[in-house]
Amino acid sequence: MVSSDVRVRFAPSPTGYLHVGGARTVLYNWLFARHLGGKFILRIEDTDQERSTREAERMQLEDIRWMGFDYDEGPEVGGAYAPYRQSERLDLYAKYAQDLLAGDRAYYCFCSDEVLDTKREAAMKAGETPQYDGTCLKISKADALKRKQAGEKPTVRFKAPVREYRLHDLVRGEVVFPSNMVGDFVILRNDGMPVYNFCVVIDDHLMKITHVLRAEEHLSNTVRQMMLYEAYGWPLPQFGHMSLILGADRSKLSKRHGATSVHQYNEEGYLREALLNFLVLLGWSSPTENKEIMTIDEMVRDFSLDRLNKAPSVFDPVKLKWMNGQYIKAYPLAELTRLTMPFLKKSELPIAGHDEAWIARALDVIRGNLETLADAPRFLRIFFDETFDIEPDAVAVKSEPTFTAVAGALKAALEKHLTGAGDNLTSDDFAKIQDQVKVASGAKGKGLFMPMRVVLTGHAHGPDLKLIVPLLGTKRSLARIEKVLTGK
RNA sequence: GUCCCCAUCGUCUAGAGGCCUAGGACACUCCCCUUUCACGGGAGUAACCGGGGUUCGAAUCCCCGUGGGGACGCCA
């Protein structure tokens with residue numbers, strides 16, 4: 001196959017935010033397409049009108065965009081096989097269902113939900129795979145049409161051939177579905193809406209999808225879809241079923257496991273690159289041994305289906321956090337600042353009085369402490385006078401024997417610096433000032449260092465004073481000392 | 001229950017018959033760096049689910065157990 005013929009798709013149903021499992025599915029599809037120079041298509045599977053909403057679709061699209069997955073065809077961008085929203089392709093499905101009905105490959109079913117449920121439960125209890133018993137198969141076509149005319153609302157069932165199906169799965173290898181695995185299944189609901197297993201086949205075929213890469217939960221659906229391809233005489237696309245993402249209790253990851261939506265991670269201050277990097281490693285590994293941190297370009301370059309892991313994987317939020325921290329440390333500062341701004345604006349910090357360049361410098365000093373962008377306000381507090389105060393962890397330092405002498409000497413040294421050099425205070429300036437304080441106060445070691453730290457930052461811990469002080473300047477440093485000394 | 005899939009440290013994984021005394025990462029512990037915190041560096045604890053084969057040789061291949069997961073819908 002010529003590589004540019006490759007066409008893959010991601011087909012979410014818009015019933016909520018994009019969750020991490022879905023995100024990994026998009027990622028793998030997108031990487032596969034980009035690696036091979038193929039096309040990546042987005043299709044909205046909104047045939048379940050009960051649950052699908054336009055709002056959810058908007059959110060999904062937004063999440064996909066945030067993650068950086070550009071699609072070649074899909075809603076909003078269009079394409080040669082439009083429309084890409086199943087709810088806008090209803091006439092198509094009706095036509096193809098009609099073909100099946102006409103060819104005697106499908107029939108009307110008048111069974112009610114209740115009897116179906118009862119039979120299903122009975123079958124399970126009896127130790128059998130529940131499947132349709134063929135009741136309505138006995139109804140003649142003429143009778144069925146008559147009842148339909150009379151106002152009854154039947155579903156349309158596909159006549160499932162009774163034979164074994166073999167699937168050559170791209171990730172699982174040869175999978176055999178026994179002949180009795182599925183019974184006649186519904187392709188059209190009683191309100192005329194088509195059902196998933198039916199639309200996917202029509203759409204994947206019409207949209208010339210070459211590779212269907214999706215989660216393992218769809219593996220057993222595949223046999224139904226193979227039957228449909230066969231009925232239409234259409235060639236099968238290649239299928240690849242990727243293992244599931246599990247929660248800590250090893251069941252399929254869901255909301256009860258905590259944050260599972262991409263949107264939430266975005267809001268909690270995760271970088272998209274970190275999320276992507278974490279997700280790509282959940283079931284796939286780089287061909288370069290021991291390579292964990294990688295750029296998106298490297299993922300595109302190295303991605304291949306044969307390195308997918310068949311075993312399901314547990315989602316570990318702790319490792320995600322670590323990874324996010326790695327990205328924060330290495331991120332371009334201007335960009336990092338831009339992304340951090342919303343978190344600062346939401347916080348109590350009075351950032352209005354500072355320009356972005358100053359904030360960027362401050363952020364640069366504390367970025368090593370961050371695991372998420374949401375941590376930033378907490379670490380940035382030391383730079384803002386309005387929030388400056390002696391923090392609980394620093395109270396004890398005030399009663400150190402050297403405290404008063406050091407604070408006084410520091411004040412004097414800074415005042416001298418102010419008259420000589422003004423408000424500008426460099427790291428080198430501070431080093432000299434520190435020497436002066438040492439001589440003047442007679443303090444040394446922690447006895448010297450801790451009082452200075454406390455009087456300047458209000459904390460017993462924090463980044464190197466040499467890095468903090470230039471951001472403060474002489475006057476503000478002096479004001480802080482004043483506040484501590486006078487208690488005002 | 002039936003069918004399908006899966007099985008290496010607590011977790012993510014490397015490993016495609018000898019390179020394995022099983023490697024890396026997260027987490028955890030300790031040490032170093034640091035006049036603080038964090039970062040960083042180093043070290044350590046920790047795994048081939050069990051049983052049978054096949055083979056000179058098995059984490060790797062086969063079978064059977066066991067365990068886990070998924071699907072059995074007029075959801076996708």
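Convention: sequence-line order gives letters A, B, ...; per-chain numbering from 1. These figures come from a predicted structure and were not determined experimentally.
- A 4.5 Å side-chain heavy-atom check between A:Ile44 and A:Glu88 finds every atom pair outside the cut-off.
- Distance, A:Met193 CE to B:rA76 P: 9 Å, rounded to whole Å.
- In this structure, A:Met452 CE and A:Leu465 CG are separated by 6.0 Å, a value rounded to the nearest 0.5 Å.
- For the side chain to side chain contact (heavy atoms under 4.5 Å, CB included) test with A:Glu57, the passing option among A:Ser87, A:Pro14, A:Ser52 is A:Pro14; the others fail.
- Residues satisfying the ring pair (Phe, Tyr, Trp, His ring centres under 6.0 Å) criterion with A:Phe343, sequence neighbours excluded, are absent altogether.
- The residue among A:Asn309 and A:Lys125 whose nearest nucleotide of RNA chain B is located toward the 5' end is A:Lys125.
- In this structure, CD of A:Glu121 is placed 16 Å from C1' of B:rU2, rounded to the nearest angstrom.
- Judged as a ring pair (Phe, Tyr, Trp, His ring centres under 6.0 Å), and not counting sequence neighbours, A:Phe449 has no contacts.
- Residues A:Val200 and A:Arg9 form a side-chain contact, since some pair of their non-hydrogen atoms from C-beta on lies under 4.5 Å apart.
- Taking the six-membered ring where the residue is Trp, A:His241 and A:Phe239 present parallel rings, their angle staying beneath 30° rather than reaching 60°.
- At a threshold of 4.0 Å, the pair A:Arg361-A:Asp364 does not count as salt-bridged, since none of the basic side-chain nitrogens sits closer than that to a carboxylate oxygen.
- The phosphate of B:rU13 has OP1 or OP2 within less than 4.0 Å of a side-chain N or O from A:Ser313.
- The phosphate of B:rA71 has OP1 or OP2 within less than 4.0 Å of a side-chain N or O from A:Lys252.
- As judged by a 4.0 angstrom heavy-atom cut-off over every strand, A:His218 is placed among the base-contacting residues.
- Across the interface with RNA chain B, nearest-nucleotide mapping of A:Ser286 and A:Gly173 shows A:Gly173 to be the residue nearer the 5′ end.
- The distance from atom CG of A:Leu282 to atom C1' of B:rC12 is 7 Å, rounded to the nearest whole Å.
- Applying the side-chain hydrogen bond (donor to acceptor under 3.5 Å, both in side chains) test to pairs two or more places apart or on separate chains, none has a residue in residues 451-471 of chain A.
- Residues A:Glu121 and A:Lys125 are not paired through a salt bridge, judged by the lack of any N-O separation under 4.0 Å between the basic side chain and the carboxylate.
- For the C1' atom pair drawn from B:rA59 and B:rG42, the interatomic distance equals 29 Å after rounding to whole Å.
- Atom CE of A:Met181 is separated from atom P of B:rC4 by 7 Å (rounded to the nearest Å).
- Using a 4.0 Å heavy-atom cutoff across all strands shown, A:Asn221 reaches at least one base atom of the nucleic acid.
- If you take CG of A:Asn324 and P of B:rC12, they are 20 Å apart, rounded to a whole angstrom.
- Taking a 4.0 Å limit (strictly below) on heavy-atom distances, residues 105-116 of chain A reaches RNA chain B at A:Cys111, A:Asp113.
- Following rounding to the nearest Å, A:Leu18 (CG) and B:rA76 (C1') show an atom-to-atom distance of 14 Å.
- The side chain to side chain contact (heavy atoms under 4.5 Å, CB included) test with A:Thr53 singles out one residue from A:Glu50, A:Glu55, A:Gln49, A:Arg51, and that residue is A:Glu55.
- Contact of the A:Thr402 side chain with the A:Lys444 side chain is not registered, since no non-hydrogen atoms from C-beta on lie closer than 4.5 Å.
- Of the candidate nucleotides B:rC5, B:rA14, B:rG70, B:rC5 has the atom lying nearest to any side-chain atom of A:Leu219.
- Take A:Lys153 and apply the side-chain contact (heavy atoms from CB on, under 4.5 Å) test, not counting sequence neighbours, and it matches A:Asn190.
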Could you walk me through whether A:His211 and A:Asn29 pass the side-chain hydrogen bond (donor to acceptor under 3.5 Å, both in side chains) check?
CA-CA 9 Å; A:His211 301 254; A:Asn29 273 284; over 6 Å; no

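- Figure legend. B:rC30 is base-paired to B:rG42; pairs are counted as Watson-Crick or G-U wobble with both atom distances under 3.5 Å.
- Neither OP1 nor OP2 of B:rA76 sits under 4.0 Å from any side-chain N or O of A:Arg224.
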Whether each nucleotide of nucleotides 44-51 of chain B has a protein heavy atom under 4.0 Å at its base (B), only at its sugar-phosphate (S) or at neither (-) is summarised, 5' to 3', as --------

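- Both tests pass for A:Arg147 against the ring of A:Phe110: distance under 6.0 Å to the centre and angle within 45° of the axis.
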Table of protein N/O atoms under 3.5 Å from nucleotides 25-31 of chain B N/O atoms:
{"unit_1": "B:rA25", "atom_1": "O2'", "unit_2": "A:Glu292", "atom_2": "OE1", "d": "3.3"}
{"unit_1": "B:rA25", "atom_1": "O2'", "unit_2": "A:Lys319", "atom_2": "NZ", "d": "3.4"}
{"unit_1": "B:rA25", "atom_1": "N3", "unit_2": "A:Lys319", "atom_2": "NZ", "d": "3.1"}

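- For the contact set between residues 43-55 of chain A and RNA chain B, defined by any heavy atom under 4.0 Å, the members are A:Glu45, A:Thr47, A:Asp48, A:Arg51.
- Remark: A:Ser285 is in phosphate contact with B:rA14, judged by side-chain N or O atoms under 4.0 Å from OP1 or OP2.
- Counting any heavy atom pair closer than 4.0 Å across all strands shown, A:Val182 reaches no nucleic acid atom.
- Evaluation of the salt bridge (charged side-chain N to carboxylate O under 4.0 Å, His left out) test over residues 282-291 of chain A, restricted to residues two or more places apart or in two chains, returns A:Lys291-A:Glu298.
- Here B:rA71 presents its P atom at 18 Å from CZ of A:Phe239, a figure rounded to the nearest Å.
- Of the candidates A:Leu27, A:Leu170, A:Val8, A:Val8 is the only one forming a side chain to side chain contact (heavy atoms under 4.5 Å, CB included) with A:Phe32.
- Scanning for ring pair (Phe, Tyr, Trp, His ring centres under 6.0 Å) contacts around A:His263 gives A:Tyr17, with sequence neighbours left out.
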N/O contacts under 3.5 Å, protein versus nucleotides 34-38 of chain B?
{"unit_1": "B:rU35", "atom_1": "O2", "unit_2": "A:Gly445", "atom_2": "N", "d": "3.3"}
{"unit_1": "B:rU35", "atom_1": "O2", "unit_2": "A:Gly445", "atom_2": "O", "d": "2.9"}
{"unit_1": "B:rU35", "atom_1": "O2", "unit_2": "A:Lys446", "atom_2": "N", "d": "3.2"}
{"unit_1": "B:rU35", "atom_1": "O4", "unit_2": "A:Gln434", "atom_2": "NE2", "d": "3.1"}
{"unit_1": "B:rU36", "atom_1": "O2'", "unit_2": "A:His461", "atom_2": "ND1", "d": "2.3"}
{"unit_1": "B:rU36", "atom_1": "O2", "unit_2": "A:Gly462", "atom_2": "N", "d": "2.8"}
{"unit_1": "B:rU36", "atom_1": "O2", "unit_2": "A:Gly462", "atom_2": "O", "d": "3.1"}
{"unit_1": "B:rU36", "atom_1": "N3", "unit_2": "A:Arg453", "atom_2": "NH2", "d": "2.9"}
{"unit_1": "B:rU36", "atom_1": "N3", "unit_2": "A:Gly462", "atom_2": "O", "d": "2.5"}
{"unit_1": "B:rU36", "atom_1": "O4", "unit_2": "A:Asp464", "atom_2": "N", "d": "3.3"}
{"unit_1": "B:rC37", "atom_1": "O4'", "unit_2": "A:His461", "atom_2": "ND1", "d": "3.4"}
{"unit_1": "B:rC37", "atom_1": "N3", "unit_2": "A:Gly462", "atom_2": "O", "d": "3.3"}
{"unit_1": "B:rA38", "atom_1": "O4'", "unit_2": "A:Asn369", "atom_2": "OD1", "d": "3.4"}
{"unit_1": "B:rA38", "atom_1": "O2'", "unit_2": "A:Gly368", "atom_2": "O", "d": "3.1"}
{"unit_1": "B:rA38", "atom_1": "O2'", "unit_2": "A:Asn369", "atom_2": "OD1", "d": "3.0"}

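- Distance OH (A:Tyr132) to P (B:rG73): 13 Å, rounded to an integer number of Å.
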Quick test: give all pairs of protein nitrogen or oxygen and nucleotides 64-68 of chain B nitrogen or oxygen below 3.5 Å, distance rounded to 0.1 Å.
none

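- At the heavy-atom level, A:Arg214 lies nowhere under 4.0 Å from the strands shown.
- Ring geometry, A:Phe185 versus A:Phe158: the interplanar angle falls from 30° to 60°, so the pair is classed tilted.
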